[in-house]
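Every chain is numbered from 1 and lettered A, B, ... according to where its sequence line falls, protein lines coming before strand lines.
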Amino acid sequence: MLESLSSNATVAKIRCIEGKMLTESRLHELIYKKSVGEAAEFLKGVPRFKTDLETVDPATIHRGHLEELVEKSSFELYRRLCRFQQFDKIPFYNFIMFRHETEQILSMINCINSGVVHSFINTLPGFVLENSRLPFLEISKCESYEQLLEVLKKTDYGKVLKGIPLKEDGSINYPACELELRKYYFNKIFASVRRDFPGKDAEILDKYIRMNIDFINIVNAFRLKKYFNYNAEHIKQRMLPFSSISKSKMNRLYECETAEDMLDKLKRLPLLKDGVSAQMIETACDKARYSLARRLLRSSQSAPVVMYAFMTICNFETGNIIKIIEGIRYGLPPAEIEKLIII
Amino acid sequence: MAIEKMQLVNIAGLLSDLDKTLLRCCESGCFHMEQAVTGKDSHSSLKMLNEKNPYTATMKKLKALALSCRIKLTKTDYSDISADSPEEFAQLTEGLENRFDALRNERFSCMKEISEKNAVIKQITHLKGLDTDIGRISECDKIVVRMGRLPVDSFKKLEFYDETFFFVPFDSDKDFCWGMYFAPVTEKELVDEIFNSLYFEEYEIPDFVKGTPETAFEELNDAIIRKSRRIEEIDEQLQSLIKDKKDLIVKAYSKLKFRNDTFELRHKVASINEKFYMKGFVPKNNAEEFVKLFDDCESVSVVVKPPDSDSSLVIPTKLKNNRFARPFAMLVEMYGLPDYNGINPTTFVAITYTLLFGIMFGDLGQGFVIFIAGFFLDKFMNKTVGGLFRRVGFSSMVFGFLYGSVFGFEHLLDPVFHAMGFENKPFEVFDQTNFILIGAVAIGVALIAMSMIMNIVQSFRQKDYENAIFGCNGIAGFVFYTSIISAIAFKINYKSPAFIILLIVIPLLCIFCRFPLAHAMKYKKLQLTEDPEEATVGNFIVENFFEMFEYLLSYVSNTMSFLRVGGFVLSHAGMMLVVMTLMESVTAAAQPLVVVLGNAFVMCMEGLIVAIQIIRLEFYEVFSRFYSGNGKPFEPVGVSDSGSDEE
């Protein structure tokens, strides 16, 4: 009990920070900025980004750099929160770095498949390069899958990827790599949850992470059905084998004849009680994930649950800002940008 | 205890007159609009108007402009704004935007220039030891030189590249690394592209920067001063432009918002063959006046009907309160409005709240302060809260006089009482503890009994006989509760068979069998529960036994809950006693300070707690017996506040 009480300080701190995040009206204010420079100036005035964007010059800032700084700011915030009560010594709290590592390896695989390996280093965030134990500079020099496996061979990621053969045309089987890496990521997270936390915290966190996976599976299943007309067996093979919903219920979803049937079933899921449409399924799932995270952040007293929920919210905030900056840069009308943001 | 009577109004007319009609509905301030086509009418040929609002985009632009000028948008009179159509508003907004943009763009380019020059100065600062003409660096034929800054994160990535270039860092802070890179002219494009992708911000040394770094430094500084002065001028021009256009922006926005919100109402209007149809509710008192508004519109016909003539609509509730009760409507609305056919409990709440506050927080001096604070709140902040303060403050003064308490001084009023012929003050709190506690319970009994009566009246009105006759808050419950209380209070012989059978057993049996009895009364047929298929005698007995137990327990707990009224009388007197004791323990000079601080503390803390506790008593012990709060509020169509984000 004392342990759970001692983490209350982190919970309180997170709630306090959450209260200072960009509100809907502030995001709308940002949407109406006319240049990346104006957006940078606006973000420099936001308390949460003030320190991280202090030295940025709005007149010369590059869009990509501004986006990277916003992402870095979230990461630094997460590191500060972990250090606050020495959570960085608990393996579970590395979930953000694990996620970034998984994303970057997948990005590298994509670059190899597309023959643009040199672009990987440009998109690699500096904070990942600095904080990850993986040799990303070496990874960025790989020109083939074999070289990538060689660099990763001493890591768990190497072991996961080793068993995935190349496709007949010689390219890397990206969907299989993605599925296996994500399976490995979530297995590792679930194992940490069971190991690092007492009963009830583990139970809530486990369920919450499974609900997040449900949203990923739902979006993927719907896309496979709508755009590729996959049958139930093929869809099941592509899904992450974790869920908060019963297996039979998920199977019934995958077994739908058409995308419309699937959509009908999705509308009845409590997870998507706020409604969903075929065109906006991703947005609807994101909005549901966002509101779920906010609800948990406000109702839970468990530090790992609140931290996981908070990082999800941060991720959405960063995503919103990036979408707005890109919208401004490419001259999208404010009304169109508004449709893209998750609030 | 009344609820405003409503009338259903159907309005039909030619689509060309729709805008005019909606404007009049908004201006009337008494039209509650409903969806013209409901589920029931979905098969009809009436179609809802779902046009895109042509005012919204311009309104957002104007709001953004006001926001960037830090102009507060408030609702204001816009009669002198000539723009009316969406196009006219768009033109007006564009004109305003252009004037501001011209100045802002110039300001931005000045800032950009200053920023570039500052950056060059920073570069040059690092070259101050160089005793050569800077221009010569860029005049090299075989190599390209670029000066600028590189993000620290990108600096680490340079290790990845094995191309023929090298980067010389001058200086670095936590985010950027300053320096210059050199590359052969033949590989200029490739190297530039690499640095571009690493977010290298180049600072070109302008052509005029010639000579040694020292001389260049001075020239750049002069240029920066000139540009800074220009920025100051532009800021002044911007400020005067804002001052000039502020009124126009606020008025134009006010009108635009009115047009926009009025247009939004079209989404509730249905149309058929160039005609529109809309419906809504109007208070009966205003109906005649409302119809007259359309007298000059020949194509528009307004038909007034009884409120319940459209069964698909829920009639909205508008409370009708007297002057004394009006501020207390806020508390009732907090719980929820009554149904249109229900009872308006505001007057009841007003009387009981005022009395209870006075009893629990009786102090002539403190009550006076609250009373005066009410006037200030009324004038400067919120009229409703101000009114509430005045009423409870006055009640506190009356009871404070009875308790003889003025800012905690319990004997200050003694001479007044002596002059009135009393030997002592009428009420000594600490000497009459039992009386206070019993009195508190008696108040509770009276309030509970009154709420039961209200439940009975309301249930009969709604023809809910189960609740009215057999319910725990119906006649059966009332007879049982008041009999027990009377037996205790007036020492009636409760052991007599007549008392037991008539006033205890029969009411309890009625409550126990309330559903079958009510069902038999209504349908002349015996049925144990609502779902006849699942009803067994065993189930019925077990279920009702526990419910009955809960009712009996709630009679006791709800009555005892009112003990807190007495508790707070004692607590208030106790807290003031502490203040007085503290005062006596300090020096004479500090005594006034202790009295002021002590009174302020008690007023803020205890006043707040008492206010909350009474709300709790009203909501839990009283409202739960007769009040559902499921009513739909009467919301006349109009325009929301200009500054709000509702759009």
_Max heavy-atom pair count under 4.5 Å with chain B, selected residue of A/I121, A/I31, A/V56, A/D57_ = A/I121
_Between A/K34 and B/D101, does the side chain to side chain contact (heavy atoms under 4.5 Å, CB included) criterion hold? Intermediate values first, please._
CA-CA 11 Å; A/K34 288 181 178 163; B/D101 280 353; 3.3 Å; yes
For [X], look at atom [atom1] and say whether over 12 heavy atoms of other residues, nucleotides or ligands are found less than 6.0 Å away.
{"X": "A/R83", "atom1": "CZ", "answer": "yes"}
{"X": "B/E88", "atom1": "CD", "answer": "yes"}
{"X": "B/K246", "atom1": "NZ", "answer": "no"}
{"X": "B/R229", "atom1": "CZ", "answer": "no"}
{"X": "B/E233", "atom1": "CD", "answer": "yes"}

*State, to 0.1 Å, how close A/N122 and B/K157 come at their nearest heavy-atom pair, and which atoms those are.*
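Closest approach of A/N122 to B/K157, heavy atoms only: O-NZ, 3.6 Å.
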Considering only heavy atoms, which portion of [X] lies under 4.5 Å from any heavy atom of chain B: side chain, backbone, both, or neither?
{"X": "A/E24", "result": "neither"}
{"X": "A/E54", "result": "side chain"}
{"X": "A/K72", "result": "side chain"}
{"X": "A/L129", "result": "side chain"}
{"X": "A/F136", "result": "neither"}

_Using side chain to side chain contact (heavy atoms under 4.5 Å, CB included), reason through A/E68 and B/Y199 one step at a time and then give a plain yes or no._
CA-CA 10 Å; A/E68 196 176 314; B/Y199 311 130; 3.4 Å; yes
*Report the relative orientation of the aromatic rings in A/H65 and B/F176; use parallel for angles under 30°, tilted for 30 to 60°, perpendicular for over 60°.*
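The rings of A/H65 and B/F176 stand perpendicular, inter-plane angle above 60°.
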*A/E260: what forms a side-chain contact (heavy atoms from CB on, under 4.5 Å) with it, not counting sequence neighbours?*
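A/E260 satisfies side-chain contact (heavy atoms from CB on, under 4.5 Å) with A/T258 once adjacent residues are dropped.
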*Lys/Arg-Asp/Glu bridge criterion (N-O < 4.0 Å) met for B/K60, A/E338*: yes
_Close side-chain approach of B/E201 and A/H62, heavy atoms under 4.5 Å_ = no
*Among the listed options B/K112, B/M111, B/K61, the residue most often paired with chain A at heavy-atom distances under 4.5 Å*: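 Top option by heavy-atom pairs under 4.5 Å: B/K112.
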